[in-house]
Student: 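Got a structure for you, questions after.
Protein chains get the first letters and strands the later ones, always in sequence-line order, with residue 1 at the start of each.
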Amino acid sequence: MAVCIAVIAKENYPLYIRSVPTQNELKFHYTVHTSLDVVEEKISAVGKALGDQRELYLGLLYPTEDYKVYGYVTNSKVKFVIVVDSSNTSLRDNEIRSMFRKLHNSFTDVMCNPFHNPGDTIQSKAFDGIVSGMMVQTA
Amino acid sequence: MAQCVQSVQEFVQDSFVPMVAVLCSEEAERVTRKNNLNFAELLRPFCRLTSEGHIRDPNNQLQVVKNLRICVNNLMTSPTTTSTSPSPAQRQLLSDVVLSCQPQESAVTNVVMAGDYELNFSVTTPWFEAYRENFLQSMPASDHEFLNHYLACLLVVSSTEAVPVEQFLKLSQEQHRIQHSGEYTNPKWFIPNTLKYYVLLHDMCEGDEQRADLVYEDMKQRYGSQGCYLLKMNSRTFSANVDEQIPDPWSQYLHKNNLHNQVNIANSSTCTGCFIYSCNNSLDPLQLDSSMANLHNLSAVHADLKKGAKDSNSPACAAGSHGACLTLNDHDYIRQFIQEFTFRGLLPHIEKTIRQLNDQLVSRKGLSRSLFTATKKWFGGGKAPEKSISEPKSTFGLLYPPEAPELQIRKMADLCLLVQHYDLAYSCYHTAKKDFLSDQAMLYAAGALEMAAVSAFLQGGASRPYPAHYMDTAIQTYRDVCKNMVLAERCALLSAEILKSQGKYSDAATLLIKMTSEDSDLRSALLLEQAAHCFINMRNPMVRKFAFHMILSGHRFSKAGQRRHALRCYCQAMQVYKERGWSLAEDHINFTIGRQSFTLRQPEDAVTAFRQILINDSRQTAKQQGAFLREYLYVYKFISPAFSLPQLPLPCIHSSATRVYFGHERRLAEGEKQAATHVSLDQEYDQDLSAMWCHLEEQLVASANGGVVPGNFQPTQCCLNSQTDNLRHPLAVVEEPIIVEVTFRNPLKVSLALSSLSLLWRFTVDGSSSSNEMTEETITNEETSAVGVGNMNKYALRNCDLFSPFRNHIDFLLFTDQQTLDLMVRGKQDLNILGPRLNLTKEDKMSVRHGPDRRLNPIITPPMPLMEVFFLQFPTALLCGEIRKAYVEFCNVSGVALCGLRVVSTHAAFFTFGSQATTPLSPTSAENCSAYKTLATPLQRTSEATESLVSAADFRQPSGVIEIPIDGSILQPGQSTQLPLWLRGPDQEGVHEINFLFYYESAEKGLKISHRVLRHTVFICASRSLSIQASACRSSVPPHHCLDEKGSSGTLVFIDVENINTNEGGVREFHIVQVSSSSQHWRLHKYINPNKDKECKLGSRERAKLCFRAARCKPSEATSKAVKKYTFSDLSLGNEQIISSTTPCGDFFFRSSSRISSVSRSQGSIPTENRSSDLTDIAKECSELDLNIIVIWKAYVVEDNKQLILEGQLHVALQTIGKEASSLTAKEEAQEMVLLKFKSDLPPPVILPSAEFCQLIKTNLHYPETCTHPFVQESLCLVPVTLTLSNCSLAQVDVIIDLRHKSTSPESLEVHSSFAWVGQTQYKLQLKPKEVLCLTLQACFLQAGVYNLNTPRVFAKPSEQSTMCETSQQTATPALIVISDA
């Protein structure tokens, strides 16, 4: 499962970042932030060709020594980034895809909340719960 | 990768140059030393050849050698063997080079725009180039390649030697010994028979030129003209002309050289002892921070000095200027010499060697004469290489002996590369590579691959694509198989540079990042930085990767001790992370920047960085925040100077929540005195309340200005906050304090301790021409010792006694505080208040604009009076209608007299100061606890009323504003005066908030502040007392019964009194003491008491009914309406009479009645306008009563086992006859629940106003109640009956009396037969206003019985009325007569 899940706003500031080993939070922040370059590269490469029929799932952004970083961009250019431990080989592309879909659904729910101010950081408990479900359980 | 000064080709080409050694005799060394240079150094600036050379390849093709550079080095022997990693000395050297090369402060920075990022950084990285150059130069010579092996050796001898030829011989032997004895491994030689070039050095100043020429001729004979040279130099004596400016080409080369020397010296000599290094070597560009580098510097200089001391005749050596004895001609000589050496000596030597090697190879392979044409044929067949058993195996494959044939081809390739014959070089390398690979000689193979790639690149053109994978393989092999990081690094540097030139930034970055490793922080740092530059230079710049790698690089730099570089890296990365929401990363970078800045003695920058961490809403843990804070405070303390106070980032000031209070803080109670509440900081701002106060103040100002509110009226604001109107400068009075309340917020999770807070202010004099600024003067009056700040705290700073008068201006600017957390710092924070956001014009809406906020910029005005108000015996709870006496004290506490004292209240009926005429003299003398003025007990209790006539003007004030009657109407400074104050409990139960606003002004006129006000708010809890309901009905007693009344009709007034007090324990019983009336037309006349003796007492929930007769006032009294005199009549029920027309009673009556009457008037006014002359009006008028009844009571209350007597009065206004009026205002319940009606209301049926007309004429029948008549004697009994008609209205009324009327109702039929009216049975009369008319009628009875005489029908109509709408005036009450038989 994921070790870090992040939601990044269109303007590239974090709406939500959660990582499992909390002492390494900074590292994940850096990782996610750096991955945005790749996300932008991928969007600009694909976006022109296909217009709005773009595949939201961007696939593996880049592998680092310890982690694999996957990306997903909604139509409103909100980015989801999931960082997965490299050692976790059981995760298939399809599973990552479904994680993103789940995340997107939950994110949509958050946005539908009339009390949520778009652009604010996400503080929804429901969203938190969904994310927790996708994270590595550190027993 | 950053941009470089050199082009890529140049760089790669210069990385591999022919190496030439120099061996000098002592004497020659001395000659060159004059110029503060050794021979190799002397040649260095001229080592690049400007002209083209030529070389013939093995195929006799002419090859052009362009722009060749040779490298000349002093021959230095060292036993060190080649290692796979750089030596510590080398590392130190590289580190120093990087350290010394810092970006200039003024260096040009480029702005790179990438997306929405705007980055500012220097595109060039000279430190990296310096590192690279030094790294490549310091590459140790290794066995697997020959590129940096010496090709030739210069033997230098001075012409001043006794026998120069012998010296040459000696040097030649020396060289031979070094190369072939096997003692020294380090200077490696390309081929066994090294080219020896003999140089005779001639000093023009010293030696005999002819002798030199002779020796040179001898040399030519001996070594051939191409193997020797006579170099003439030092044509200038040192002292000749100091001023002559000779360009110094050495300076740009020599510092590196210096370092080489230093390292060597540092290694060899042990520098103990301390050098006092006073002569500042200004040319030395190295001003190093680290003490280690300094030590090197010193030792270098020391060595120089030692050397210099040897040549006593060269005083310039220590000064550091090079080439002092050389003229420009000498420069040319040297240049010529190099050219001669290269073209005549070196290139032919290389050409010869290539030829030899080629021949060897050709003969060895025996296959083809040409390598050019058949390389593929030779080695493509997979021929098994010859392997000798003796070849030692190493971990990374084979080691060849130096003479191994496989190495010969490599040797040849290297030579070709050096002389720019890249084509041949590539094929040789390629061949060698295959050879080595098949031998599994990995190191050799990697070297060949690397160089193959290099030569392929340098070949240029389209002939061969650049084989990038060669480089990759080479790097991988070097690193992973051979574990030789130095070589791997070189390879990576070359490869990255080449990739960069081809625009393959991404590959270059990957390559560079791969080369980072744990063994060398400096290298990792530099390479990461270059990788970062690669990312930003990509076609789509990867800003974030750039930033991230910059951070990594900064981290490695700091680990490598390169603090300045680390700081630079972090700062560059910061540009990307700054203010984009990545707070965790931002904090980390800021923290590092802070630390690095601090260690680099830039504490200001450090403070700024740490500040950022604290200001941002931190997501860090409490522990982390604590660490940040501690670090910040430490640094802060370090820089905070004694004078100017730096800004503190914490705690956050919620500046818009700042409240400013002008004036003293109020003492609320002082003994029994209760001070006016006024305004205090404890109160929250309330929009409605302030509007209410403003309204009250307007009333006051209007009354003070003769009823008009001046145009420039502005309500007084004592306490300014974010909601008040802060557009104007507030006015503050001199010598009165200004209190500023500041709201802090501590955004951290750790607590902050603040202490010794004080306000700073600046004062500007407006009036005088010079603006006098007293900046930064503390005006601490009270020390606020505060404790740990939790989350949000407020501190009021009580401050600023201002002693300077006149129009002044104060800006509060500063605000110091100190934070403690085992570190204590001192600083300030500005108080800048932003006004509300403007939203009026389009521009305002489009952008964010703020209005001014002048809360903190008061204008100081001259002294103003200041009044304090105290209340004595002021109750908090009252019964409804209760009258209580209290005292109020006005106290002028300022030095200025005040006047014009006024008060206004929201509840005008609540209090009175009494009318002037009836005010008792001294409040203290009032021993009687009763609030009323009483008369002595009347001896005999009459039921008659005492009357008094009072003008309303005595009580009424024009508006709600009451002018307070103080003596002389001026309150002198320090004076105080006490006045009685009567209070009356509100008529409605519940808690009432009653607001008083006192107004006063200075006795002087024309001040900036026209008046001042003082607020007071009380809360009165009113509880229920009595409920009084009154109703009036027309008395049926004929007017002549009451003889004292002249012709006016009487009215009965019934008063129902009920005790509705719910507090059974408290109030025992109520006594009705007196009932008074007050009206313009009516008066209470008589108390009709059924049981004469009893006082009217009411226990809990008891009810009593009182009955009074009212009469019209005497006409004389009621004549002139304009005067509006009120008749008060008192009917005492107890044994003392209260004069209701005097102060408390009358005042309250008028106050409450003004409210009632105004209400009734407004209700009645509408119909009168519509049909003023209508008959209803007339009818109404006659039933109008307008009688006000005042019920005065006493309540016996037990409180704390003491019996108290409370007094009070209740008012009832009787408007019309027959209508009930109540003291309790009717509850508006009707409005609460209204049935929904879906059909519109039917219009009320238009009926004749019968009820009203019934009242036009009052009829009375007078007759004997019983009549005994002997029916036996006389069958008819005639009884005279008098019908009295009295006109109640003020109009003429036509009356028709009809006695013949026969009732149609069945019951009247029965009675009818027995009695009849006789005589005239119909009358038509006209009654004048108020006229009473008696008609005598005759009733005739036939038999005994009881009869109802009330059968006459009376019709009346106002005479002016055209429409005859006659109405029966018959009263329903039966008039019974008893006729009995005698």
Student: State whether the side chain of Trp582(B) and the backbone N or O of Tyr30(A) hold a donor-acceptor pair below 3.5 Å, judged by distance alone.
Tutor: no
Student: With a 4.5 Å heavy-atom cut-off, do Glu40(A) and Arg544(B) have their side chains touching?
Tutor: yes
Student: For residues Tyr577(B) and His33(A), establish whether the separation of their ring centroids is below 6.0 Å.
Tutor: yes
Student: What distance separates Thr31(A) OG1 from Phe548(B) CZ, expressed to the nearest 0.5 Å?
Tutor: 5.5 Å
Student: Show your working on side chain to side chain contact (heavy atoms under 4.5 Å, CB included) between Val38(A) and Lys545(B) and close with a plain yes or no.
Tutor: CA-CA 9 Å; Val38(A) 188; Lys545(B) 284 203 165 189; 4.0 Å; yes
Student: Working to the nearest 0.5 Å, report the span between CG of Leu36(A) and CE of Met542(B).
Tutor: 11.0 Å
Student: Identify the heavy atoms of Leu26(A) and Leu584(B) that sit nearest to each other, and give their distance.
Tutor: CD1-O, 3.5 Å
Student: Rounded to the nearest 0.5 Å, how far apart are OG1 of Thr34(A) and CD1 of Ile551(B)?
Tutor: 7.5 Å
